[in-house]
Every structure is written in C-alpha cells, then in structure tokens.
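Along the sequence shown, the residues carry numbers beginning at 1. Because the structure is a prediction, the values reported are computed rather than measured.
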Amino acid sequence: MLIENCPIINVNVKVWLFWAYLRKPKWYSYLLGCVPVTVLNVFQFMNLFHVIASGSGDMNKIIIDGYFTVLYFNLVLRTSFLMGNRGKFETFLEGIADEYAVLEKQNDIRPLLDQLTRRARILSKSNLWLGAFISACFVTYPLFSPDSGLPYGVYIPGVDVHASPIYEIVFVLQIYLTFPACCMYIPFSSFYCTCALFGLVRIAALKRSLEKIHEYNTSPRSLFARIKECLQYHKDIIKYVSDLNELVTYIFLLELLSFGMMLCALLFLLSISNQLAQMVMIGSYIFMILSQMYALYWHSNESLEIGDSLYYNSAWLDFDNSVKKKIILMLARAQRPLAIKIGNVYPMTLEMFQSLLNASYSYFTLLRRVYN
C-alpha cells in the first residue's frame with residue numbers, strides 16, 4: 001500500500017507530498033513555499049532585534065512580534081527536520097502503510113482500526129481547518145487595528161516597509177505565505193497524533209493474539225510458535241515507538257521551551273490589554289498554543305502498555321516451562337510503558353502538560369507582580 005493511500009495517515013502525507021517535503025524534491029514547490037517562509041522568519045528575527053535594540057516598540061509589539069517569530073521559527077525547524085530526514089520519515093510511513101494493510105484483513109481488530117482511522121482523519125482535517133481559521137485571523141487583524149501594521153512585523157534593511165506601495169506588497173505577500181506556513185506546521189502535529197493512534201491499534205492487535213493463546217495449548221509446538229510470533233510482534237511495537245520518538249523528541253523539546261515562554265508572555269499581555277479586539281486576538285493565540293500542545297500530550301498519555309491480557313486472559317501458568325519463559329520476558333518488558341519522551345528525558349503525559357501550565361502561570365504571576 002502506498003503511503004498516500006493509507007487512510008490513517010494520508011491526510012497529512014498528501015499535504016507533505018503537495019509541497020514536495022517527501023519523495024522527490026521539487027524546487028519550484030520550495031520557491032513557492034518553505035523558502036519564502038524561511039526568508040520571512042529571518043526578517044522577523046531582524047525586526048525583533050531591531051525593535052529591542054532601538055527601543056522603538058512598546059511591550060505589546062515586542063510580545064506579539066516575539067510570538068510570531070517563535071511560531072514561524074518552530075514551523076521552519078519542523079520542515080527542515082522533515083526534509084533533512086526525508087528517508088527516515090518515508091521508511092516509517094511505509095511501515096505504517098504495510099502494517100495497516102495487514103491489520104485491516106483481521107476481522108477481530110478491524111472495528112477498532114476503522115474507529116481510530118476515522119478519529120485520526122477527523123483530527124487531521126480539523127487541525128487544518130482550525131489552523132486556516134486562526135491564520136486568517138492573524139492576517140486580518142491589522143485591518144481593524146488602529147496602528148494599521150503588518151500581520152507579521154518584519155525589518156528589511158534599507159527598505160521602509162510602512163511606506164506605500166511597499167507596505168501593500170509586503171502585506172499581500174504575508175497573506176499568501178500564511179497558507180504554506182500553516183501547511184508546514186499543522187501536519188507535523190497531526191502526523192504524531194495519528195501515529196500514536198496507530199500504535200494503540202498495534203497494541204490492541206497484540207493483546208487479541210495473547211488472549212487467544214489458549215487455543216493452541218493442545219499442540220506444544222504450535223503454542224511455542226505462536227508465542228514466538230507474539231514476542232516478535234512485541235519487539236516490532238517497541239521499535240515502532242522508538243522510531244517515532246526519534247522523529248519527534250527534540251522538536252517537541254524546543255516547542256515545550258519556546259511555547260511555555262510565549263504562553264507566559266501572552267497571559268501577561270492579556271492581563272494589561274485594554275482593547276477588546278486585541279484581547280480577542282491574544283485569546284486566539286493562547287488557544288492555538290494550548291490546543292496544539294494538548295492534542296500532542298493527550299495522545300501521548302493514552303496508555304501504550306501491555307500486560308493485562310497476559311495476566312488475566314491467558315492461563316499461561318499451565319503452559320510448558322519453555323513457553324512460560326517467553327511470556328515472562330514479555331511481562332518484564334511490559335512493566336515499562338512505551339512512552340514518547342521530550343528530549344529523550346521526560347515522558348509526554350498529561351501530568352507533564354499540567355506542569356507546563358503551572359510553570360507558565362507561575363512566571364506570569366511573577367511578571368505581573370514585578371510590572372505592578
């Protein structure tokens with residue numbers, strides 16, 4: 001099965017293939033997408049440094065410009081990592097497609113596979129629509145703002161971006177670049193969530209196999225062969241989680257640090273803002289951060305553990321010693337949850353997400369106290 005035909009991942013894969021981030025590179029796609037977005041991010045950093053160094057901007061402008069600069073840097077980094085590890089991503093996605101073709105032929109696991117596939121597709125599409133809506137808010141807000149600035153603050157040496165017709169040209173370009181930027185950011189998050197859901201399907205398939213071990217108890221050779229198959233499938237799942245962790249761990253570490261800092265700054269800006277339009281926009285920025293982060297941590301939090309089926313649904317204590325040794329190996333490994341880790345250190349769980357919120361709020365209250 002081709003990766004673009006695999007239902008559980010093809011929504012995000014098709015976006016990546018459209019922009020040529022997977023398979024054969026297409027330079028015209030890069031010139032229309034990731035290259036100008038990267039240039040825009042460079043100008044954003046230059047603007048942020050210029051505003052801070054010259055002292056020409058107030059705190060509101062610095063925080064908003066900083067938010068968009070960090071957001072665009074994150075999506076540029078995601079896309080650069082994807083393109084730099086194109087082979088690893090393609091191999092991983094091909095493995096999902098091949099395993100999906102096998103699992104959809106198993107009648108006992110097919111209902112769960114269909115259920116989680118629908119959930120993955122709804123999640124991927126809703127993320128794209130949500131990203132498109134919030135991106136539209138990003139670029140239309142300056143039209144209703146009293147300072148009539150650009151959607152994203154930029155500084156181009158030797159060019160006055162606020163003078164006509166440069167202002168209009170830059171404004172239109174930023175409206176256009178918001179679309180490829182959204183396609184650079186959203187699919188990566190959805191890719192991880194769909195992979196986590198597929199991991200749950202594989203865990204369920206292993207559990208179903210273990211529940212049926214007793215059916216082979218009449219033939220020791222068949223029973224031993226079946227246990228070996230389960231043990232190998234368990235090892236495949238461990239490798240699957242390890243490969244997924246390798247693809248996302250450091251990207252999510254950077255996102256944790258950067259968005260935790262920006263969440264604190266946006267909460268502070270919201271507390272001192274006195275304009276309704278600005279408060280609504282800041283609220284949408286905060287909502288985007290929380291919704292994306294929560295989706296990642298919530299799917300990571302779904303238990304990827306096995307062991308219950310071994311303990312309670314199989315009379316494995318009555319098996320031969322050679323079989324029991326194999327099962328004990330699986331039991332020993334099953335005591336360690338298959339978790340995605342941030343920076344290969346901290347497991348991505350809802351407790352970790354709560355700790356991020358607590359830290360951001362603590363720094364917000366400290367910043368607010370100092371400001372007052």
Side-chain angles (χ1 to χ4, degrees), residues 15-16 18-21 25-80 82-83 128-188 258 262 265-266 269 273 275 277-278 280-282 284-285 288:
V15 174
W16 283 343
F18 177 82
W19 292 103
Y21 299 147
K26 299 177 182 177
W27 293 107
Y28 63 86
S29 296
Y30 299 159
L31 292 176
L32 293 175
C34 61
V35 171
V37 171
T38 303
V39 174
L40 172 62
N41 190 229
V42 172
F43 290 147
Q44 286 178 300
F45 273 108
M46 294 176 65
N47 171 72
L48 193 61
F49 293 147
H50 174 73
V51 169
I52 295 176
S54 63
S56 58
D58 58 11
M59 186 171 296
N60 290 5
K61 179 175 176 56
I62 293 175
I63 292 177
I64 295 299
D65 287 348
Y67 168 76
F68 284 118
T69 302
V70 170
L71 177 63
Y72 269 68
F73 176 73
N74 189 282
L75 63 89
V76 168
L77 190 65
R78 285 182 173 199
T79 305
S80 300
L82 170 62
M83 295 171 62
L128 286 172
W129 281 110
L130 177 62
F133 172 75
I134 295 182
S135 297
C137 295
F138 290 166
V139 297
T140 56
Y141 171 70
L143 299 177
F144 305 97
S145 177
D147 58 2
S148 299
L150 292 167
Y152 315 119
V154 295
Y155 175 74
I156 306 175
V159 178
D160 185 1
V161 295
H162 298 287
S164 184
I166 301 298
Y167 172 81
E168 289 79 6
I169 294 174
V170 174
F171 199 108
V172 172
L173 286 174
Q174 290 190 357
I175 291 177
Y176 163 72
L177 291 178
T178 300
F179 170 68
C182 181
C183 294
M184 293 168 66
Y185 182 83
I186 298 296
F188 196 97
S258 58
M262 290 312 304
L266 288 172
L269 184 58
S273 177
Q275 298 180 11
Q278 187 181 59
V280 171
M281 286 307 301
I282 295 172
S284 69
Y285 301 157
M288 181 176 180

Discussion item. Applying salt bridge (charged side-chain N to carboxylate O under 4.0 Å, His left out) as the test, list every pair that has at least one member in residues 162-177; sequence neighbours left out.
Written reply: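 Sorted pair list comes back empty.
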Taking the side chain as every heavy atom from C-beta outward, state whether [X] and [Y] have any pair of such atoms under 4.5 Å apart.
{"X": "W27", "Y": "V35", "value": "no"}
{"X": "Y285", "Y": "I64", "value": "yes"}
{"X": "T79", "Y": "V37", "value": "no"}
{"X": "M184", "Y": "W19", "value": "no"}
{"X": "P157", "Y": "M46", "value": "yes"}

Fill in: Residue list, side-chain hydrogen bond (donor to acceptor under 3.5 Å, both in side chains) with Y30, at least two apart or on another chain
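Applying side-chain hydrogen bond (donor to acceptor under 3.5 Å, both in side chains) to Y30 gives R86.
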Worksheet item: Sequence neighbours excluded, which residues qualify as side-chain hydrogen bond (donor to acceptor under 3.5 Å, both in side chains) partners of S135?
Response: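 Per chain and number, S135 pairs via side-chain hydrogen bond (donor to acceptor under 3.5 Å, both in side chains) with no residue.
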Between atom [atom1] of [X] and atom [atom2] of [Y], what is the distance when rounded to the nearest 0.5 Å?
{"X": "S258", "Y": "L71", "atom1": "OG", "atom2": "CG", "answer": "9.0 Å"}
{"X": "C182", "Y": "L75", "atom1": "SG", "atom2": "CG", "answer": "9.5 Å"}
{"X": "W129", "Y": "I134", "atom1": "CH2", "atom2": "CD1", "answer": "14.0 Å"}
{"X": "R78", "Y": "I186", "atom1": "CZ", "atom2": "CD1", "answer": "7.5 Å"}
{"X": "L77", "Y": "T38", "atom1": "CG", "atom2": "OG1", "answer": "10.5 Å"}
{"X": "K26", "Y": "F18", "atom1": "NZ", "atom2": "CZ", "answer": "9.0 Å"}

Discussion item. Tell me every residue that passes side chain to side chain contact (heavy atoms under 4.5 Å, CB included) with N41, counting only those two or more places apart in sequence or in another chain.
Written reply: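 If we apply the side chain to side chain contact (heavy atoms under 4.5 Å, CB included) test to N41, skipping adjacent residues, the hits are Q44, F45, T69, Y72, F73, V76.
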Item to complete: Please step through side-chain contact (heavy atoms from CB on, under 4.5 Å) for the pair Y21 and C34, ending with a clear verdict.
Response: CA-CA 9 Å; Y21 299 147; C34 61; 3.7 Å; yes
[X] versus [Y], closest heavy-atom pair with distance:
{"X": "V161", "Y": "I166", "answer": "CA-CG2, 3.9 Å"}
{"X": "V15", "Y": "P187", "answer": "CG1-CG, 3.7 Å"}
{"X": "A136", "Y": "T140", "answer": "O-OG1, 2.8 Å"}

Discussion item. Run V159 and V170 through side-chain contact (heavy atoms from CB on, under 4.5 Å) and show every step you take.
Written reply: CA-CA 11 Å; V159 178; V170 174; over 6 Å; no
Discussion item. By the side chain to side chain donor-acceptor pair (under 3.5 Å) test, which pairs, at least two apart or in different chains, include something from residues 173-182?
Written reply: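 Sorted pair list: Y152-T178.
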Discussion item. Restricting to ring-ring contact (aromatic ring centres under 6.0 Å, His included), what partner residues turn up for F133, sequence neighbours left out?
Written reply: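 By the ring-ring contact (aromatic ring centres under 6.0 Å, His included) rule, F133 matches no residue at all.
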